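This report refers to the structure that appears directly beneath it.
Remember, predicted model here, so these are calculated numbers, not experimental data.
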Amino acid sequence: MSPDMACHSRTTAQLGGFVLSLFGWVSSCVTTFIPLWKSLNLELSVFENWNVGLWHACIFQEEGKMQCKAYDSILALPLDIQVSRIIMVTSNGLGLLAFSLSIWGLNCLKTRAQNQGLKRPFGIVGGALFCISGIASLVPVSWVAHTIVEEFWDETVPPIVSKWEFGEALFLGWFAGFCLILGGLLLICTTYFLEAQKPSKQLAVSCKPRMQMAKHFPYSPPKNPDLVI
């Protein structure tokens with residue numbers, strides 16, 4: 001494979017890692033705000049489905065109606081929900097910062113005002129922040145899932161009592177976290193192995209005809225005319 005084709009393949013892979021990370025970041029933001037972290041089906045009322053998120057609690061009815069209410073007090077929430085709020089908001093902020101940095105590290109993006117030597121640091125730091133954002137997204141989602149499993153298999157709770165189950169947001173959060181980590185690693189690897197930008201070939205081609213013309217028409221400085229007194 002020629003160097004140009006290898007550079008083109010790495011640039012394509014770098015763009016793919018950026019798009020994958022961006023998709024994971026958007027999914028993480030959606031996970032943060034949708035009220036589908038925990039789901040509860042009441043046996044006494046099969047027409048209602050309770051769902052809980054980080055910010056709201058909602059009731060979905062079979063007729064398609066939905067009623068949501070924000071939590072009255074943060075201190076009254078379980079510990080896993082309180083901490084998950086902080087971690088998910090931090091993860092989304094890190095993802096936004098990673099997006100802002102890595103977009104300037106893309107090899108396919110060329111601007112006149114930008115220093116080309118800063119592309120590699122921007123790309124590597126942006127990819128690392130995407131990875132950290134992905135890990136931060138996996139922690140609260142896995143913690144809430146672990147809490148649901150513990151409560152579901154708690155022998156002290158009577159079997160007739162309805163128990164919380166996994167909501168759709170947990171699966172979306174896992175998917176978002178893995179996309180952020182994989183995209184960030186791909187962005188780091190491709191940016192690190194991209195070669196430094198070489199001088200433009202157009203400049204070398206444009207200078208070659210001038211050198212050939214200089215050989216055929218050598219330049220000689222003008223001589224001073226003789227003074228006539």
Side-chain angles (χ1 to χ4, degrees), residues 1 3-37 53-55 80-111 113-148 166-198:
M1 183 182 294
D4 292 338
M5 293 181 62
C7 183
H8 178 71
S9 301
R10 291 170 184 169
T11 302
T12 304
Q14 183 192 41
L15 184 60
F18 174 77
V19 173
L20 183 62
S21 300
L22 180 61
F23 184 72
W25 174 62
V26 173
S27 301
S28 178
C29 293
V30 174
T31 303
T32 304
F33 295 102
I34 59 175
L36 298 173
W37 284 61
L54 300 181
W55 312 93
D80 56 343
I81 299 297
Q82 295 182 24
V83 179
S84 296
R85 275 188 176 187
I86 301 174
I87 298 179
M88 290 301 294
V89 171
T90 304
S91 173
N92 296 337
L94 289 175
L96 179 60
L97 180 60
F99 170 76
S100 303
L101 293 178
S102 58
I103 194 173
W104 294 107
L106 294 177
N107 195 51
C108 59
L109 180 65
K110 301 184 184 298
T111 57
Q114 182 184 7
N115 186 0
Q116 299 297 326
L118 296 178
K119 278 185 173 294
R120 179 174 293 183
F122 278 152
I124 293 176
V125 173
L129 290 177
F130 272 132
C131 292
I132 297 175
S133 176
I135 296 174
S137 297
L138 292 176
V139 170
V141 173
S142 301
W143 187 8
V144 172
H146 177 70
T147 303
I148 293 175
F166 290 170
E168 290 81 356
L170 297 183
F171 299 99
L172 182 61
W174 280 317
F175 176 75
F178 285 119
C179 285
L180 283 167
I181 295 175
L182 292 177
L185 291 176
L186 184 60
L187 191 61
I188 292 173
C189 294
T190 53
T191 303
Y192 181 79
F193 288 107
L194 275 174
E195 298 179 359
Q197 188 177 6
K198 297 179 180 180

Subject >> Rounded distance [0.5 Å steps], CH2 in W25 versus CG in L20 >> reply: 14.5 Å
**OP:** Check whether any side-chain heavy atom of V141 lies under 4.5 Å from a side-chain heavy atom of W37, and answer yes or no.
**Re:** yes
Original post:
Hey, does the side chain of W55 reach the backbone of R85 with a donor-acceptor pair shorter than 3.5 angstrom?
Top reply: no
**OP:** Give, for atom CG of N92 and atom OG1 of T31, the distance between the pair rounded to the nearest 0.5 Å.
**Re:** 8.5 Å
**OP:** May I ask you to decide if I87's main-chain N or O and S91's side chain share a donor-acceptor pair within less than 3.5 Å?
**Re:** no
Original post:
Okay, side chain of S137, backbone of S133: is any donor-acceptor separation there less than 3.5 Å?
Top reply: yes
Original post:
How long is the span from the CZ atom in F18 to the CG atom in N107, to the nearest 0.5 Å?
Top reply: 14.0 Å
Original post:
Can you name the nearest heavy-atom pair linking T191 to K119, along with the distance?
Top reply: CG2-O, 4.1 Å
Original post:
Within a reach of under 6.0 Å around CZ of F166, are more than 12 heavy atoms found that belong to other residues, nucleotides or ligands?
Top reply: yes
Subject >> Minimum heavy-atom distance between A136 and M88, given as atom pair plus value >> reply: O-SD, 4.5 Å
Original post:
With a 4.5 Å heavy-atom cut-off, do P140 and V83 have their side chains touching?
Top reply: no
Subject >> Between CG on residue L170 and CZ on residue F175, distance to nearest 0.5 Å >> reply: 15.0 Å
Subject >> Over all atoms of both residues, closest heavy-atom pair of I34 and A169 >> reply: CD1-CB, 3.8 Å
**OP:** Given side-chain contact (heavy atoms from CB on, under 4.5 Å), test I148 with V144 step by step and report yes or no.
**Re:** CA-CA 6 Å; I148 293 175; V144 172; 4.1 Å; yes
Original post:
Okay, side chain of S102, backbone of G127: is any donor-acceptor separation there less than 3.5 Å?
Top reply: no
Subject >> Atom pair CG (L101) and CG (L96), whose distance is rounded to the nearest 0.5 Å >> reply: 9.5 Å
Original post:
Can you tell me if T147 uses its side chain to pair, donor with acceptor, with the backbone of W143 under 3.5 Å?
Top reply: yes
Original post:
For residues S142 and W174, is any side-chain donor paired with an opposing acceptor at under 3.5 Å?
Top reply: yes
Original post:
Once you round to the nearest 0.5 Å, how far does CZ of F130 lie from CD1 of I181?
Top reply: 13.0 Å
Subject >> Exercise: identify the closest heavy-atom pair between T190 and A13 >> reply: CG2-CB, 3.5 Å
